[in-house]
Chemist: 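Below you will find the structure I want to go over with you.
The structure presented is a predicted model; accordingly, all values stated were derived computationally and were not measured.
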Amino acid sequence: MNKSVIALVVVAAAAGGALYYANGQAENAIKQQIAQANQSYRDVADSGLMPQIELNYKDVSANVLTSSYSISGLEVSFGEMGTVATVDLITAKGVKPQGLADKGSMQMIGAKAAPAVLQMLPPQASAFLQSVALHGDYSYEYQADGQLLFSQQTRINDEFSLGYDFTLAQMQQFWQYARELSELPPEQQQELVGDDAYMEQMLAKLVTGALSKGTVTIENNGFIERTVAMAAEQGQAPDLDTIKGMALMNIAMLEPLPQSMKDSLTAFVNNPGKLELSFNFAEPLQFEKLYTGEPIAGLDTPEAIIEYANLQLKAN
């Protein structure tokens, strides 16, 4: 074996060892953060403000090369009830163990109610909840021009989903503050989160931003019908036809809404499939004005607001 090949083997082995070590360090950092979270929950519980919450897991894995991390077999315990919820898998990409990346995503698979919760419900409600698994996808991206993009979709089995995409503007101050906070040691972060001054500072940075545009989408594939049928069988709600009739009457009475929006709502009620609400403000809507309640010139009627926001509603 010539010297160049030997050198390559040595370099590859060293790189592999370094990667293995880095992954192990990242995994330990995640475990440490979970342990610190549990300790903070214990501190709050000891003060009598809330019951004990504890997080347990089966495995933690990390790959610093791809900036991907995962926690499998997560269990959430609540006081004397024990385990109240389980999550099959949580994965995160583009996330720093200590720091804030400008782009990241997270996925949650298989969140379910535990037997301790199911046993507290009537048999039919328990069977219904047992058939439900919650999944979620979340992503964000901070851009150099100060825009912050948020996207999230929450799904129930393959029967229902609620998703949104928001674009925020002028988020430079908020993002810088969040980045500085994320770089602090975990212990110091825990102290700040419990400090009222921290919330005031965070809010002060947040209100410098604005809402630019967004979309909210509902997709139903039988879940609404199944839920209403279960509730009606329990005597907790009217049947689906009665609810539809009441909803259609309410839609007809919504005078400020354009007829096109009423038509979309009517179509969704009659056939609950997909409903999408979108908006795109002529000028970004300042959070500070929303927070202080300051009137916005020219937006004193529902019609003016709909036009300013370029509000659109589409069904199916």
Chemist: Quick one: does Gln173's side chain have a donor or acceptor within less than 3.5 Å of a partner on Lys205's backbone?
Modeler: no
Chemist: With sequence neighbours left out, which residue pairs that include part of residues 105-123 fulfil the side chain to side chain donor-acceptor pair (under 3.5 Å) condition?
Modeler: Gln107-Asp137
Chemist: Can you find a heavy atom in the side chain of Met202 that is under 4.5 Å from one in the side chain of Tyr177?
Modeler: yes
Chemist: Return the OH to CG distance between Tyr69 and Asn63, rounded to the nearest 0.5 Å.
Modeler: 8.5 Å
Chemist: Using a distance-only test with no angle check, is there a side-chain donor-acceptor pair under 3.5 angstrom linking Gln39 and Asp43?
Modeler: yes
Chemist: May I have the step-by-step check of side-chain contact (heavy atoms from CB on, under 4.5 Å) for Met171 and Leu206, ending in yes or no?
Modeler: CA-CA 7 Å; Met171 298 299 292; Leu206 179 61; 4.0 Å; yes
Chemist: I need the minimum non-hydrogen distance between Met261 and Gln312, along with the two atoms involved.
Modeler: CE-N, 4.1 Å
Chemist: For the atom pair CD (Gln170) and CG (Asp145), what is the distance rounded to the nearest 0.5 Å?
Modeler: 10.5 Å
Chemist: Does the side chain of Arg226 come within less than 4.5 Å of Met230's, by heavy atoms?
Modeler: no
Chemist: Please answer: with hydrophobic residues joined when any side-chain heavy atoms are less than 4.5 Å apart, are Trp175 and Phe287 in the same cluster?
Modeler: yes
Chemist: Mind jotting down which residue pairs meet the side chain to side chain donor-acceptor pair (under 3.5 Å) criterion with at least one end in residues 261-281? Sequence neighbours excluded, please.
Modeler: Gln259-Asp263
Chemist: Go through the steps for Phe268 and Ile218 under the test side-chain contact (heavy atoms from CB on, under 4.5 Å), then give the verdict.
Modeler: CA-CA 10 Å; Phe268 180 77; Ile218 294 173; 4.3 Å; yes
Chemist: Determine, stepwise, if the pair Arg179 / Asp102 fulfils side-chain contact (heavy atoms from CB on, under 4.5 Å).
Modeler: CA-CA 9 Å; Arg179 180 181 286 132; Asp102 286 340; 2.7 Å; yes
Chemist: Considering only heavy atoms from C-beta outward, does the side chain of Tyr291 approach that of Leu203 to under 4.5 Å?
Modeler: yes
Chemist: Is any side-chain heavy atom of Lys213 closer than 4.5 Å to one of Asn310?
Modeler: no
Chemist: When the ring centroid of Tyr142 is compared with that of Tyr140, is the distance short of 6.0 Å?
Modeler: no
Chemist: Is there side-chain contact between Tyr57 and Ile90, with at least one heavy-atom pair below 4.5 Å?
Modeler: no
Chemist: Taking the side chain as every heavy atom from C-beta outward, state whether Phe281 and Leu211 have any pair of such atoms under 4.5 Å apart.
Modeler: yes
Chemist: In this structure, would Leu313 and Leu248 fall into the same cluster of hydrophobic residues linked by side-chain contacts under 4.5 Å?
Modeler: yes
Chemist: Can you check whether Leu118's main-chain N or O pairs, donor with acceptor, with Ser126's side chain at less than 3.5 Å?
Modeler: yes
Chemist: Check the pair Gln176, Gln172 against side-chain hydrogen bond (donor to acceptor under 3.5 Å, both in side chains), reporting the backbone distance first and the verdict last.
Modeler: CA-CA 6 Å; Gln176 181 61 31; Gln172 292 92 333; over 6 Å; no
Chemist: Taking the side chain as C-beta and beyond, is there a heavy-atom pair between Val76 and Leu55 under 4.5 Å?
Modeler: yes
Chemist: Taking the side chain as C-beta and beyond, is there a heavy-atom pair between Val216 and Leu162 under 4.5 Å?
Modeler: yes
Chemist: For the residue pair Gln152 / Tyr138, report whether a side-chain donor-acceptor contact shorter than 3.5 Å exists.
Modeler: no
